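Computation of the quantities below employed the complete heavy-atom set of this structure, encompassing side-chain atoms and omitting hydrogens, waters and symmetry-equivalent molecules. Atoms within each ligand, like the ligands themselves, are counted from 1 in listed order. Note that the structure is predicted; figures quoted are calculated from it, not measured.
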Amino acid sequence: MKKRILALVMTALMVLSLAACGSNTKQTSNDTASTKGGKDVITVGFSQVGAESDWRTANTESMKSTFSEANGYELIFDDAQQKQENQIAAIRNFIQQEVDYIVLAPVTETGWDTVLKEAKDAGIPVIIVDRMVDVSDDSLYTAWVGSNFELEGKKSAAWLDAYLKAAGKDKDEVNIVDIQGTIGASAQIGRTKGLEDAVAAHSNWKLLSKTSGEFTQAKGQEVMESMLKQFGDKIDVVYCENDNEAFGAIDAIEAAGYKVGLDGDMIVMSFDCTKAGLTDTLSGKISQNTECNPLHGPRVEEIIKSLESGQTVDKKKYVDEVIFSFDDSVKSLSIDGTDYPVTKLTQEILDKRAY
Ligand code: GYE
């Protein structure tokens with residue numbers, strides 16, 4: 001409430017000062033900050049996808065703790081509940097409020113041209129975080145930071161290939177199901193592609209089914225239940241495109257009377273490496289987990305700070321990520337000429353995981 005009154009006073013002051021200047025145009029990027037108690041305050045409108053997963057919760061937390069009042073920001077946070085139309089409405093609202101920066105974590109890649117053009121016309125820099133946007137004109141956003149999702153998919157598929165070789169099972173028929181993420185999201189597109197390319201390269205690998213689990217535990221469980229009904233113990237590998245889907249899939253597999261794990265009936269693979277995901281990796285329920293780092297708050301802040309000081313920023317920036325597995329039968333992977341270590345998960349590593 002106090003904050004609201006302060007915000008109203010601030011808005012009134014801003015209106016008065018703009019009127020006094022006889023101008024209602026947006027401030028330039030070098031003069032974006034308003035003042036609060038003698039301090040510069042940068043207003044950031046953040047359109048978040050939703051709260052579908054543990055990864056997302058950690059990402060929201062990272063953004064909120066970075067763009068705090070104490071750090072000199074006013075964060076306007078909007079949870080779009082996994083709906084693009086809500087994100088578009090949020091961005092329009094940020095434009096109306098004349099925020100200094102718009103940060104967008106887009107639910108899907110396409111469909112952003114119009115609203116991003118509106119932001120550009122209003123002179124508000126847009127920073128894309130996590131998933132990508134697919135726009136016809138790259139100048140519609142200032143910078144992007146996130147993960148290389150296709151590389152993540154390739155790492156997982158390469159681990160499966162190396163594991164099967166180490167176990168002497170590389171000539172066996174391997175039946176795989178893919179519980180995909182939200183269709184059209186970069187994380188889904190890249191992870192699915194990594195698997196599909198590997199399936200195409202192995203004549204004995206079969207992709208029995210691919211269905212979206214919307215990156216949620218509930219949908220992951222539902223999808224797994226129907227895959228089990230259709231294929232039963234024919235399934236050898238369950239490729240889950242995030243940890244929460246893996247939790248749901250494991251529940252469904254165990255409820256159907258099967259055992260998960262390298263020595264069980266089905267191998268469950270996952271992405272994210274959240275604390276809960278790594279807990280299941282340490283116990284062996286998830287056999288392999290490819291990291292996806294959600295702590296983007298400081299990375300976005302670095303971009304904003306550079307822009308504030310008039311520096312140019314990288315248009316695209318990828319985050320480095322590691323690979324964890326339950327056992328140590330695979331120690332490293334070679335992908336497109338680069339070696340990636342595979343780390344056998346330990347309790348110490350798990351204890352250090354903050355999210
Ligand atoms: O893997 C998943 C989340 O876009 C990288 O979205 C993100 C994905 C993440 O819901 O857990």
Using only heavy-atom distances, determine whether the side chains of N148 and E152 contain a donor-acceptor pair under 3.5 Å. no

Begin with the C-alpha distance, continue with both residues' side-chain angles, and end with the deciding distance and a verdict on salt bridge (charged side-chain N to carboxylate O under 4.0 Å, His left out) for K219 and E52. CA-CA 10 Å; K219 199 78 206 287; E52 73 283 2; over 6 Å; no

Side chains of H296 and N59: is there a donor and an acceptor less than 3.5 Å apart? no

Does any donor atom in the side chain of Y73 or E301 lie under 3.5 Å from an acceptor atom in the other side chain? yes

Using salt bridge (charged side-chain N to carboxylate O under 4.0 Å, His left out), reason through D130 and R56 one step at a time and then give a plain yes or no. CA-CA 10 Å; D130 168 26; R56 190 64 54 196; 2.9 Å; yes

Tell me the residues surrounding ligand 1, counting only those with a heavy atom closer than 4.0 angstrom, sorted by chain and number. E52, S53, W55, R56, D130, R131, F149, A187, R191, F215, N242, D272, C292

Could you verify whether a donor N or O on one side chain and an acceptor N or O on the other, from D243 and T274, lie under 3.5 Å apart? yes

